[in-house]
2 protein chains.
Amino acid sequence: MTKKTFVSADRKVTATDVAERAGVSKWTVSRAFTDGASISPRALERVLGAAEELGYRPNLLARSLSKKRTNMVGLVVDEMENPNLLQVLNEVSCQLQRRGYMPMLLNITSEYSYKSALTLADQFQIDGLIFLGTVLTDDLVRLAQDIRHIPLIVLYRNSDNPGIQVVSTDGYRAGYEIAMLLADQGYQRIGYMAGPVSESTQLQRLDGFKAGLHERGLVLSRVLDAGHYARENGYKALNRYLDSTAPDTRLEALFCENDILAIGALDALRNRADTIPLAVVGFDDIELAASSSYELTTYHQPLQQLVDEAIRRLAVGDSAVRQLLLPGQLVLRSSHLSKA
Amino acid sequence: MTKKTFVSADRKVTATDVAERAGVSKWTVSRAFTDGASISPRALERVLGAAEELGYRPNLLARSLSKKRTNMVGLVVDEMENPNLLQVLNEVSCQLQRRGYMPMLLNITSEYSYKSALTLADQFQIDGLIFLGTVLTDDLVRLAQDIRHIPLIVLYRNSDNPGIQVVSTDGYRAGYEIAMLLADQGYQRIGYMAGPVSESTQLQRLDGFKAGLHERGLVLSRVLDAGHYARENGYKALNRYLDSTAPDTRLEALFCENDILAIGALDALRNRADTIPLAVVGFDDIELAASSSYELTTYHQPLQQLVDEAIRRLAVGDSAVRQLLLPGQLVLRSSHLSKA
DNA sequence: CGTTTTTTTGCACTCGGGTGCAAAAAATAT
DNA sequence: ATATTTTTTGCACCCGAGTGCAAAAAAACG
């Protein structure tokens with residue numbers, strides 16, 4: 001039994017090989033693999049046949065070199081533990097692949113790694129960058145702009161800097177809707193659990209939230225600082241708060257900056273000896289939120305659309321900077337209902 | 001104020017530009033950026049200076065084209081929700097970047113997407129593939145072998161097929177150690193919660209587990225099938241079991257195929273009205289396992305070493321196929337202690 | 001100082017494919 | 001059948017580097 005299949009000799013099959021076999025010139029082969037190119041049906045057929053037989057696949061590096069377009073897109077991520085980010089990464093990479101792009105993972109752990117990743121990506125002549133990282137500040141993003149003049153898109157995060165392309169959910173509106181929900185539920189003492197940095201994305205959310213409360217004649221009673229997005233932090237932050245507050249003055253409802261914190265908060269409530277009536281609302285609609293042990297009411301971001309838009313913008317290379325904010329959707333489960 | 005920095009004219013800076021500025025030929029420039037190449041100190045200095053001034057960076061596509069080496073590595077992942085896998089992905093991408101490789105994300109959602117991803121990766125002339133996916137069977141891996149003769153490495157998963165390079169944790173030994181732990185704790189009725197497919201990785205774990213029990217004169221009392229790795233499934237599987245079993249015949253200890261299932265199981269225990277004494281042990285040591293609300297006893301895999309080894313093997317392109325199995329480590333927390 | 005050895009450099013050509021243009025072939029019109 | 005238009009095709013040359021080899025320059029030697 002021969003081990004080697006007939007197709008793959010050791011040397012790689014090139015367009016010239018195919019040309020020879022098909023009895024045409026290599027340029028005709030090239031045309032066969034370029035859509036929109038002028039080629040006769042007969043030649044096309046022969047080339048495709050020969051290509052099939054030889055197992056030929058165009059070398060994309062060579063193509064990129066002359067076309068000056070690589071179809072490689074860098075995905076800048078910085079918190080590979082954040083499940084929400086991951087959901088985004090997942091969606092982005094799938095959609096990119098589906099459209100023939102190759103996602104290059106730029107995993108950022110420090111400013112140094114950020115810079116070297118950018119440099120490397122630059123040298124690979126990537127066509128664009130999508131920023132998914134949460135702690136990537138506008139300054140860092142701008143740093144990328146300087147290195148290379150390719151389209152950059154900040155996804156899933158807002159930015160005050162008008163010079164940066166943003167595709168994200170309308171945080172103000174989201175906050176507003178959640179405020180309305182809680183107010184209409186009749187809660188009076190309403191709090192907010194904040195994450196790590198006060199950056200634009202969250203501020204807009206908070207602003208909308210405050211505006212909504214205000215419109216119903218309420219004010220934000222309290223802000224709990226949880227720090228870094230981690231279940232543990234939500235857990236601790238709420239416990240800290242509950243331990244230091246008399247039961248009758250406690251918050252009745254709590255809007256958490258994201259689902260992870262909210263779930264931490266729910267865990268805290270559950271682990272307490274006494275039953276504490278507290279409505280909790282999250283943000284992001286991660287998978288765990290739907291789980292029967294949480295039933296977290298939250299706000300769903302239109303992930304697919306966002307990603308779709310982001311990629312489209314990359315593709316057209318539209319340099320007209322616009323901030324696209326799509327509306328998300330409130331997801332009512334049961335955690336926003338007080339258990340009292 | 002001039003907007004444009006002096007450095008970056010619109011056209012890209014090439015080696016020829018640098019050569020001209022440095023008063024040498026472009027080949028000398030090439031040598032300056034190739035370590036080990038013969039170049040006079042003076043020329044080197046001038047070239048580097050000119051390169052710096054012009055902001056030159058070698059075009060890696062062009063280099064790859066002639067060197068026939070791209071430094072691009074494909075990461076084949078198939079469950080972007082699995083936190084354990086993500087931890088691995090994170091580590092792999094970091095280490096790759098640190099060593100100057102570019103990780104290309106091949107996110108697999110179906111057999112079709114798998115094939116097209118492989119083809120694309122192939123066309124990009126990637127240097128190697130690392131398989132992180134859990135449901136990627138040996139057959140699929142072999143499919144990749146046929147496409148292109150580049151090093152493939154299955155990481156974090158075992159394989160029965162001796163033709164496949166594997167870098168993974170020694171599952172047999174792990175199962176054995178866990179069995180010992182539970183047996184020594186005095187439990188008699190010991191069960192196992194299984195995940196989706198019975199593939200090699202898990203079978204070895206289970207075999208080791210059984211062997212360990214056997215050595216202590218015990219047998220595996222029961223296998224609970226949870227299905228796909230998801231907290232929810234562990235939760236349901238355990239509830240199903242508890243609902244259908246009389247309290248006095250119940251298992252005393254349960255080894256779950258991974259932490260996610262184990263955590264689901266713990267949640268199930270917690271949510272029950274009556275307190276049920278059941279020792280639970282997981283596998284993987286994901287972040288959540290250490291959380292104060294779970295305190296899951298589990299088995300830690302030597303992630304960094306595994307990744308390090310995997311990348312090293314890719315780099316040398318060692319075609320001598322060996323299966324490397326490193327020992328992991330038992331992590332004792334409190335979930336293996338019965339609450340009765 | 002001439003000669004031999006070593007280091008450095010330039011050049012032609014390669015990697016694998018893509019352009020634009022002009023010649024050749026085919027299709028349409030007269 | 002001839003003239004005209006359209007489609008196909010081949011070719012020279014480009015993309016941005018790297019390689020081997022031979023010429024040139026520098027260093028070591030007598």
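Proteins come first, then strands; the chains are lettered A, B, ... in the order of their sequence lines, and each starts at number 1.
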Asker: Parallel, tilted or perpendicular: which one describes the rings of A:Y114 and A:F131, with boundaries at 30° and 60°?
Answerer: tilted

Asker: For a quick test of reading the model: is some side-chain N or O of A:K67 closer than 4.0 Å to OP1 or OP2 of C:dT19?
Answerer: yes

Asker: If you check the B:W27 side chain, which of C:dG18, C:dG16, C:dC11 turns out closest?
Answerer: C:dC11

Asker: Do A:K12 and C:dG16 share a donor-acceptor pair, side chain to base, under 3.5 Å?
Answerer: no

Asker: Relative to the 5' end of DNA chain C, which residue comes earlier, B:A43 or B:Q125, by the nucleotide with the nearest heavy atom?
Answerer: B:A43

Asker: Check this one for me: any side-chain N or O of A:T28 less than 4.0 Å away from OP1 or OP2 of D:dG10?
Answerer: yes

Asker: Rounded to whole angstrom units, what separation is found between the CG atom of B:D17 and the P atom of D:dC15?
Answerer: 11 Å

Asker: Please check this pair: side chain of A:D17 against backbone of A:T14, looking for a donor-acceptor N/O pair closer than 3.5 Å.
Answerer: yes

Asker: Respond yes when some side-chain nitrogen or oxygen of A:S66 is under 4.0 Å from OP1 or OP2 of C:dT19, and no when none is.
Answerer: no

Asker: Taking the side chain of A:S38 as heavy atoms from C-beta outward, which of C:dC11, D:dT7, C:dT19 is closest to it?
Answerer: D:dT7

Asker: Would you mind telling me which of C:dG16, D:dG18, C:dG18 lies closest to the side-chain atoms of A:A62?
Answerer: C:dG16

Asker: Select base, sugar-phosphate, or nothing to describe what B:S40 touches, counting heavy atoms under 4.0 Å on all strands.
Answerer: sugar-phosphate

Asker: Mind calculating the distance between CG (A:L61) and P (C:dG18) to the nearest angstrom?
Answerer: 12 Å

Asker: Considering only C:dG10, D:dA17, C:dT19, which nucleotide approaches the side chain of B:S25 most closely?
Answerer: C:dG10

Asker: How long is the line joining CG of A:L65 and C1' of C:dT19, in whole Å?
Answerer: 13 Å

Asker: Taking atom types as modelled, is there a side-chain donor on B:Q95 or B:E91 under 3.5 Å from an acceptor on the other?
Answerer: yes

Asker: Which whole-number value in Å describes the distance from B:L44 CG to C:dT7 C1'?
Answerer: 15 Å

Asker: Describe the nucleic acid contact of B:I39 in one word from base, sugar-phosphate, nothing, applying a heavy-atom distance below 4.0 Å.
Answerer: sugar-phosphate

Asker: Specify the separation, in whole Å, of atom CD of B:Q123 and atom P of C:dG16.
Answerer: 14 Å

Asker: Distance-only, no hydrogens or angles: does the B:D127 side chain make a donor-acceptor pair with backbone N or O of B:N71 under 3.5 Å?
Answerer: yes

Asker: Counting only distance, no hydrogens or angles, is the base of C:dG17 paired donor-acceptor with the side chain of A:R31 under 3.5 Å?
Answerer: no

Asker: Tell me whether B:Q145 contacts the main-chain N or O of B:L152 through its side chain, where contact means a donor paired with an acceptor under 3.5 Å.
Answerer: no

Asker: Provide, to the nearest angstrom, the distance between the CZ atom belonging to B:R69 and the P atom belonging to D:dG16.
Answerer: 23 Å

Asker: Quick one about B:S113 and B:S116 (side-chain donor to acceptor, distance below 3.5 Å, no hydrogens or angles considered), yes or no?
Answerer: no

Asker: Base, sugar-phosphate, or nothing: which does B:T14 touch, judged by heavy atoms less than 4.0 Å apart?
Answerer: sugar-phosphate

Asker: To the nearest 10 degrees, how far apart in direction are the end axes of the helix from C:dT4-D:dA27 to C:dT30-D:dA1, each fit to five base pairs?
Answerer: 40°

Asker: Measuring from B:L61:CG to B:Q125:CD, what's the distance to the nearest 0.5 Å?
Answerer: 11.0 Å

Asker: Expressed in angstrom and rounded to an integer, what is the separation of B:N59 atom CG from D:dA17 atom P?
Answerer: 5 Å

Asker: So what does A:K68 hit on the nucleic acid, given a heavy-atom distance under 4.0 Å: a base, only sugar-phosphate, or nothing?
Answerer: sugar-phosphate

Asker: Distance check needed: C:dG17 P versus A:R57 CZ, whole Å only.
Answerer: 13 Å

Asker: Tell me whether B:S64 contacts the main-chain N or O of B:L60 through its side chain, where contact means a donor paired with an acceptor under 3.5 Å.
Answerer: yes

Asker: Using heavy atoms to find the nearest nucleotide of DNA chain D for A:P41 and B:T34 separately, return the residue whose nucleotide is more 5′.
Answerer: A:P41

